[in-house]
Amino acid sequence: MRTDILGVGFDQVTLDQAVDRAMALLEQDGPHLVVTPNAEIVQQARSDPEFAALIAGADLVLPDGVGVVYAARILGRPLPGRVPGADFAGALMARLARTGGRLFLLGAKPGVAQLAAQRLQAQYPGLNLCGTHDGYFQQDEPVVQAIREARADVVFVCLGAPRQEKWAAAHGGQTGARLLVGLGGSLDVFSGQVARAPEGWQRLGLEWLYRAIRQPARFKRVAKLPLFLGRAVGARLRGK
Ligand code: UDP
């Protein structure tokens with residue numbers, strides 16, 4: 001059973017449970033899709049039925065942002081907590097480093113995924129990083145082939161939403177990977193190009209504000225958050 005937040009169903013899982021579920025999915029034939037919607041993505045899904053259907057059909061739907069967790073509380077059906085995509089990815093890599101699973105990094109500007117791979121390799125000794133590709137390609141086939149030849153078990157698909165989910169759904173099967181995870185701008189963070197909010201900000205649930213201050217272009221996106229929470233209040237008042 002998923003918890004419906006303004007049309008998107010979220011799994012009721014903590015970070016540890018999410019990683020356990022992902023590891024279990026890796027034991028079964030793929031492709032499996034993990035998505036990490038935040039408030040902005042829930043809004044996008046409301047006006048993009050194809051995207052909404054993709055999320056509904058995903059194997060794991062994790063609440064990336066604090067906005068989703070607040071909306072859940074407003075709606076009277078709280079989630080166990082936020083499961084930020086970057087934290088989920090980190091915990092998954094720690095497990096993969098122990099089990100030997102092969103990880104491919106796809107997305108971001110040329111050079112960024114390679115840099116991320118170098119840093120992640122140092123951070124998670126034993127992690128089997130089997131390949132990288134930037135996210136600014138015109139043709140899908142060479143990318144699919146690169147993943148297939150790398151014999152990846154897991155692919156972090158970091159092309160931004162909804163492109164990454166649509167790409168994973170359309171091409172996941174051909175890649176041979178068992179698990180594809182949509183992770184937005186995570187490679188920019190893993191490569192050190194973009195700093196994550198300090199822990200205090202994260203604890204207060206203000207990571208979105210920190211990112212908006214550091215990247216003012218984001219303010220327009222963040223400005224939609226009150227509208228999102230307003231929708232949750234409206235839905236609660238209408239008894240939905
Ligand atoms: N990106 C990409 N290919 C594209 C467009 C974007 O690889 O055609 C990358 C972009 O470089 C960035 C990520 O996708 O690394 C999207 O980051 P953003 O911060 O917008 O995503 P969010 O984390 O907010 O979903």
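Because the structure is predicted, anything quoted here is derived from the model rather than measured.
- Of all the heavy atoms in A195 and R214, the pair that sits closest is CB-NH2, 4.1 Å.
- Ion pairing of D59 with R178 is absent here, as no side-chain N (NZ or NE/NH1/NH2) approaches a carboxylate O to less than 4.0 Å.
- Partners of V69 according to the side chain to side chain contact (heavy atoms under 4.5 Å, CB included) rule, which considers only residues two or more places apart in sequence or in another chain, are R73, R82.
- Minimum interatomic distance between D87 and R196 (heavy atoms only, all atoms of both residues): OD1-NH1, 2.5 Å.
- A 6.0 Å sphere centred on CZ of R151 holds no more than 12 heavy atoms belonging to other residues, nucleotides or ligands.
- Here the side chain of D11 pairs a donor or acceptor atom with the backbone of V61 at under 3.5 angstrom.
- Between E40 and K224 no salt bridge is recorded (no basic side-chain N to carboxylate O distance below 4.0 Å).
- In this structure, V83 is not a member of the same hydrophobic cluster as V189, with clusters built from ILVMFWY side-chain heavy atoms closer than 4.5 Å.
- When all heavy atoms of G67 and F228 are compared, the closest pair comes out as O-CE2, 3.4 Å.
- Minimum interatomic distance between A45 and I55 (heavy atoms only, all atoms of both residues): CB-CD1, 4.1 Å.
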TODO: Output, in order, the C-alpha distance, side-chain angles, deciding distance and verdict of side chain to side chain contact (heavy atoms under 4.5 Å, CB included) for H32 and L26.
DONE: CA-CA 8 Å; H32 302 285; L26 267 177; over 6 Å; no
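- Side-chain contact, Q12 with T3: a donor N or O sits under 3.5 Å from an acceptor N or O.
- E207 contributes no side-chain N or O that, together with a main-chain N or O of W201, makes up a donor-acceptor pair within less than 3.5 Å.
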TODO: Evaluate the side chain to side chain contact (heavy atoms under 4.5 Å, CB included) criterion for residues Q145 and R148: first the C-alpha distance (whole Å), next the side-chain angles of each, then the deciding distance (0.1 Å), finally the verdict.
DONE: CA-CA 5 Å; Q145 203 176 330; R148 205 171 42 225; 3.7 Å; yes
- [ ] Determine, step by step, whether V34 and F88 satisfy the side chain to side chain contact (heavy atoms under 4.5 Å, CB included) criterion, reporting the C-alpha distance in whole Å, the side-chain angles of both residues, the deciding distance to 0.1 Å, and the verdict.
- [x] CA-CA 10 Å; V34 181; F88 170 74; 4.0 Å; yes
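- The shortest heavy-atom contact between Q123 and P125 is O-CD, 3.3 Å.
- Under the 30°/60° scheme for interplanar angles, the aromatic rings of H133 and F137 are found to stand perpendicular.
- D188 places a side-chain heavy atom less than 4.5 Å from the side chain of V112.
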- [ ] Check the pair Y210, Q202 against side chain to side chain contact (heavy atoms under 4.5 Å, CB included), reporting the backbone distance first and the verdict last.
- [x] CA-CA 9 Å; Y210 183 86; Q202 289 185 37; over 6 Å; no
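- Between F10 atom CZ and T36 atom OG1 the span is 9.0 Å, to the nearest 0.5 Å.
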